[in-house]
Amino acid sequence: MEVTAATANAVYTNSKTLAEKLNEYLSTTKTSIAALAKEVNYSRTAVSRYLSGKYDSNANGLEAKLAEYLAQSTGEEVEVPTSSNQKATTRPQFFESRDATAVLGVCQSCQEYIGLGIVVGRSGYGKTHTLKQYAKLPRVAYIECDDTMSSRDLVEAIERSIGLPSGYGTIWRRVNGIREFFNVNKGYLLIIDEADKLVSKYTAKKMEILRAIFDQSDVGLVIAGEPKLEATIKTYLARMANRVDFYATLRGLSQKEVEEYLEGYDVQPEAMAEIKARACNMQTGCFRLLDRTLSNVFRILEETGSETITLKHIEQASSMMML
C-alpha cells in the first residue's frame with residue numbers, strides 16, 4: 001500500500017518520537033515488525049521491544065538504522081534521536097551480542113517457517129537468558145529441562161506452557177492433545193532448553209516425544225543445550241538430526257562487545273583490560289562471570305560513592321564472589 005505525501009506529512013510530525021513514527025508507519029502500510037527487523041538487520045525481539053518502549057540496551061545503533069529506514073521509505077527527513085551525554089547508571093538487562101543475535105535469529109526463523117532449530121553453547125554464555133528474552137514474545141512456549149524429568153513430566157510441562165490443563169490417560173493420548181493445540185493455534189514456537197538432559201545412553205524417548213510433536217504439528221521447535229547436545233542428536237537421534245533447519249553455536253563475548261556493554265561508564269584502562277580478560281578467556285571466561293563481577297562492582301561503587309571503575313574495584317568484586 002502506497003502512502004501519499006499528504007498522508008506522510010500528517011503522520012510524521014516533529015513532536016513525535018521515532019518509535020511513534022515507526023508504529024504509525026507500520027500500521028498505515030501494514031508492514032510487520034518481522035519485515036522491519038530484516039530491513040534494519042536487527043532481531044525482531046530488539047525492534048519489538050524498542051517500538052513498545054521496553055528496549056533497555058544502548059539504542060544508538062538501532063535508532064540510526066530505524067531512522068534511515070523510515071526516511072528512505074517515506075521520503076521525509078527523519079531525525080535520529082540525540083543520545084544523552086550523561087554517564088550510564090544502570091546496565092542493560094539484555095545485551096544483543098553476536099551470540100544473542102544468532103540465538104534470536106534461530107528462534108525467529110523457526111517460528112516463522114515452522115522449522116527445527118538447534119542452539120548449543122557452554123554454560124554461562126547467555127543461552128538461557130536469550131531464549132527467555134525471546135519467550136516474552138506472543139505465541140512462544142518455553143520449557144527448561146532437568147535430569148529428573150520423566151516423559152510424563154515433559155508432556156505436562158509442555159501442556160502447562162501452552163495453557164492446556166494437565167491431561168489424563170496415556171502419553172500418546174496427551175501428545176495428541178498437544179499436537180491438536182498447535183495445529184489449531186498456528187504460529188507457535190516451542191523452546192526446549194537444557195535439552196541435553198533429556199537424553200541418556202539408555203533412552204532417547206523424551207526426545208522422540210518432541211520429534212513426534214514437531215513432525216505432526218504446525219509448530220516451530222528450538223532445542224537448546226550444552227555442546228554435547230549436537231553429538232547426542234547425531235548419535236542417538238538420526239531422524240531428528242536430518243530435520244534440522246537452523247543452527248547456532250555460541251562463541252562467547254568478543255573484546256569489542258565488552259567495550260560496547262560498558263559504553264557510557266567511566267572505566268580505567270587497567271580495569272577494562274582485566275574485565276576483558278575475565279569475560280573473553282576461552283577456558284574460564286563467559287558472560288555470566290562478567291555479569292556477576294559487574295554486579296558486585298556496581299554495588300561497591302554505590303556504597304563508596306565512586307563513579308570510576310578501577311582495577312581495585314574488580315579485585316574487590318572478585319573477592320566477594322569467592323566468599
Side-chain angles (χ1 to χ4, degrees), residues 44-45 48 54 94 103-104 106-121 123 126-226 228-230 232-233 236-241 243-246:
R44 186 181 68 169
T45 307
S48 177
K54 298 178 181 178
F94 181 72
V103 174
L104 294 174
V106 168
C107 291
Q108 181 177 332
S109 297
C110 289
Q111 187 170 15
E112 288 186 12
Y113 302 113
I114 316 178
L116 172 61
I118 303 293
V119 173
V120 296
S123 176
K127 166 179 52 64
T128 294
H129 184 61
T130 304
L131 291 171
K132 287 182 176 178
Q133 188 75 15
Y134 190 87
K136 295 177 182 179
L137 295 176
R139 291 183 177 265
V140 180
Y142 171 86
I143 296 169
E144 188 170 355
C145 305
D146 63 52
D147 297 304
T148 65
M149 291 183 87
S150 66
S151 295
R152 287 186 177 275
D153 292 332
L154 176 62
V155 171
E156 183 177 348
I158 297 173
E159 290 172 335
R160 188 166 54 248
S161 70
I162 58 180
L164 286 177
S166 296
Y168 60 91
T170 64
I171 291 178
W172 179 84
R173 181 169 184 171
R174 294 171 68 178
V175 168
N176 273 344
I178 294 171
R179 287 192 287 231
E180 182 180 356
F181 174 89
F182 286 134
N183 286 329
V184 172
N185 300 276
K186 309 287 185 179
Y188 259 86
L189 176 69
L190 177 60
I191 299 175
I192 307 295
D193 196 9
E194 306 294 344
D196 52 288
K197 297 178 180 178
L198 297 179
V199 186
S200 70
K201 62 181 180 179
Y202 302 108
T203 178
K205 181 179 179 180
K206 285 166 277 191
M207 293 292 283
E208 287 291 349
I209 289 174
L210 297 176
R211 184 187 62 79
I213 291 174
F214 175 74
D215 277 354
Q216 301 177 39
S217 305
D218 287 334
V219 61
L221 176 63
V222 171
I223 299 174
E226 297 276 332
K228 64 180 181 180
L229 175 64
E230 180 181 7
T232 299
I233 290 177
Y236 298 104
L237 296 160
R239 288 188 295 175
M240 178 172 281
R243 287 167 169 77
V244 176
D245 301 294
F246 307 99

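Residue numbers start at 1 and run along the sequence shown.
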So, for Ser151 and Ile209, which heavy atoms are closest and what is the spacing to 0.1 Å? CB-CD1, 3.8 Å
Heavy atoms only: give me the nearest Leu137-Ser48 pair and the separation to one decimal. CD2-OG, 4.0 Å
When you check the gap from the basic side-chain N to the acidic O, do Lys205 and Glu208 get nearer than 4.0 Å? no
Working to the nearest 0.5 Å, report the span between NZ of Lys132 and CG of Asp193. 7.5 Å
Which atom pair, heavy atoms only, marks the closest approach of Cys107 to Ile191? SG-CD1, 4.2 Å
Assess the residue pair Val219 and Phe181 against the criterion (side-chain contact (heavy atoms from CB on, under 4.5 Å)); give the C-alpha distance rounded to whole Å, side-chain angles, the decisive distance to 0.1 Å, and a yes or no. CA-CA 10 Å; Val219 61; Phe181 174 89; over 6 Å; no
Beyond-backbone contact of Arg174 with Leu164, side-chain heavy atoms, under 4.5 angstrom: no
On a heavy-atom basis, the closest approach of Ala195 and Ile223 is CB-CG2, 3.2 Å
Under the side-chain contact (heavy atoms from CB on, under 4.5 Å) criterion, do Tyr134 and Val222 qualify, and how do the steps go? CA-CA 11 Å; Tyr134 190 87; Val222 171; over 6 Å; no
Return the CG to OG distance between Leu116 and Ser109, rounded to the nearest 0.5 Å. 12.5 Å
Quick check for you: to the nearest 0.5 Å, what is the distance between Ile114 atom CD1 and Asp245 atom CG? 10.5 Å
Is any side-chain heavy atom of Glu194 closer than 4.5 Å to a side-chain heavy atom of Lys127? yes
Thinking salt bridges, do Asp153 and Lys206 make one under a 4.0 Å N-O criterion? no
If you count every heavy atom of other residues, nucleotides or ligands that lies below 6.0 Å from Lys228 atom NZ, does the total exceed 12? no
Apply side-chain contact (heavy atoms from CB on, under 4.5 Å) to residues Thr232 and Asp196 and explain how you reach the verdict. CA-CA 8 Å; Thr232 299; Asp196 52 288; 5.7 Å; no
Between Asn185 and Ile162, does a side-chain contact (heavy atoms from CB on, under 4.5 Å) hold up when you go through it step by step? CA-CA 10 Å; Asn185 300 276; Ile162 58 180; over 6 Å; no
What distance do Ile118 atom CD1 and Arg243 atom CZ have between them, rounded to the nearest 0.5 Å? 12.0 Å
Work out which heavy atom in Leu190 is nearest to a heavy atom in Ser161; give both atom names and the distance. CD1-OG, 4.5 Å
Side-chain (Asn183) to main-chain (Asp218) donor-acceptor, under 3.5 angstrom: yes
Do we see a donor-acceptor contact under 3.5 Å between the side chains of Arg179 and Asn176? yes
More than 12 heavy atoms of other residues, nucleotides or ligands under 6.0 Å from CD of Glu180: yes or no? no
Identify which one of Val106, Val140, Val103, Ile192 satisfies the side chain to side chain contact (heavy atoms under 4.5 Å, CB included) criterion when paired with Leu131. Val103
Within this structure, what is the CD-CD1 distance for the pair Glu156 and Ile178, rounded to the nearest 0.5 Å? 10.5 Å
Is Arg173 reaching over with its side chain to a backbone N or O of Tyr168, donor-acceptor style, under 3.5 angstrom? no
For Val120 and Glu230 the tightest heavy-atom approach is CG1-N, 4.2 Å
Spacing of Cys110 atom SG and Phe214 atom CZ [to the nearest 0.5 Å]: 7.5 Å
Carboxylate-amine/guanidinium proximity below 4.0 Å for Arg152 and Glu159: no
Tell me whether Gln111 contacts the main-chain N or O of Arg139 through its side chain, where contact means a donor paired with an acceptor under 3.5 Å. yes
